[in-house]
Amino acid sequence: MYTEALQENERLKSRLQDSKQELVKIRSQLEKVAQRQDRMSERSTVLETEKREKQVLEKRVTDMEEEIKQAPTLRFRCGYQP
């Protein structure tokens with residue numbers, strides 16, 4: 001009976017060690033996934049910022065084009081004639 005208990009104890013210790021190693025491996029994988037997700041989130045934030053900046057610049061270009069189109073009309077109204 002004592003020998004069986006010792007064998008069972010050793011078997012359980014071995015299983016515990018295997019479980020600890022697997023846990024370390026899984027934690028490492030989880031950390032890698034979390035880091036990848038953080039990088040993707042940062043990229044997403046950067047892309048959103050760049051998208052908003054692009055929209056602002058496109059709006060400015062459109063506004064400036066309208067000003068240029070209206071410039072001859074303004075010069076004529078002010079009496080400016082080249």
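One is the number of the first residue; the rest follow in order along the sequence.
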Handout entry: S41 side chain vs Q37 backbone, donor-acceptor pair below 3.5 Å
Key = no
Exercise for the section: Would you give the length of the straight line joining atom OG of S19 to atom CG of L12, rounded to the nearest 0.5 angstrom? Expected result: 10.5 Å
Problem - Pairwise side-chain contact, R60 with L57, heavy-atom cut-off 4.5 Å (strictly under) - result: yes
Practice task
Output the distance between atom CG (L47) and atom CZ (R52), rounded to the nearest 0.5 Å.
Solution key: 11.0 Å
Exercise for the section: To the nearest 0.5 angstrom, please state how far the CG atom of D38 sits from the CD atom of E31. Expected result: 8.5 Å
Handout entry: Any donor-acceptor pair under 3.5 Å from S28 side chain to V24 backbone
Key = no
Handout entry: side-chain contact (heavy atoms from CB on, under 4.5 Å) between L16 and K20, intermediate numbers included
Key = CA-CA 6 Å; L16 178 60; K20 285 180 179 181; 4.0 Å; yes
Exercise for the section: Measure the spacing between NZ of K54 and CD of E50 and express it to the nearest 0.5 Å. Expected result: 10.5 Å
Exercise for the section: Working to the nearest 0.5 Å, report the span between CD of E67 and OG1 of T62. Expected result: 11.5 Å
Problem - Note, V56 side chain near E53 side chain (heavy atom, < 4.5 Å) - result: no
Handout entry: Salt bridge flag under 4.0 Å for residues R11 and E8
Key = yes
Handout entry: Atom CD of E22: over 12 foreign heavy atoms under 6.0 Å
Key = no
Handout entry: Electrostatic pair R39-E42, nearest N-O below 4.0 angstrom
Key = no
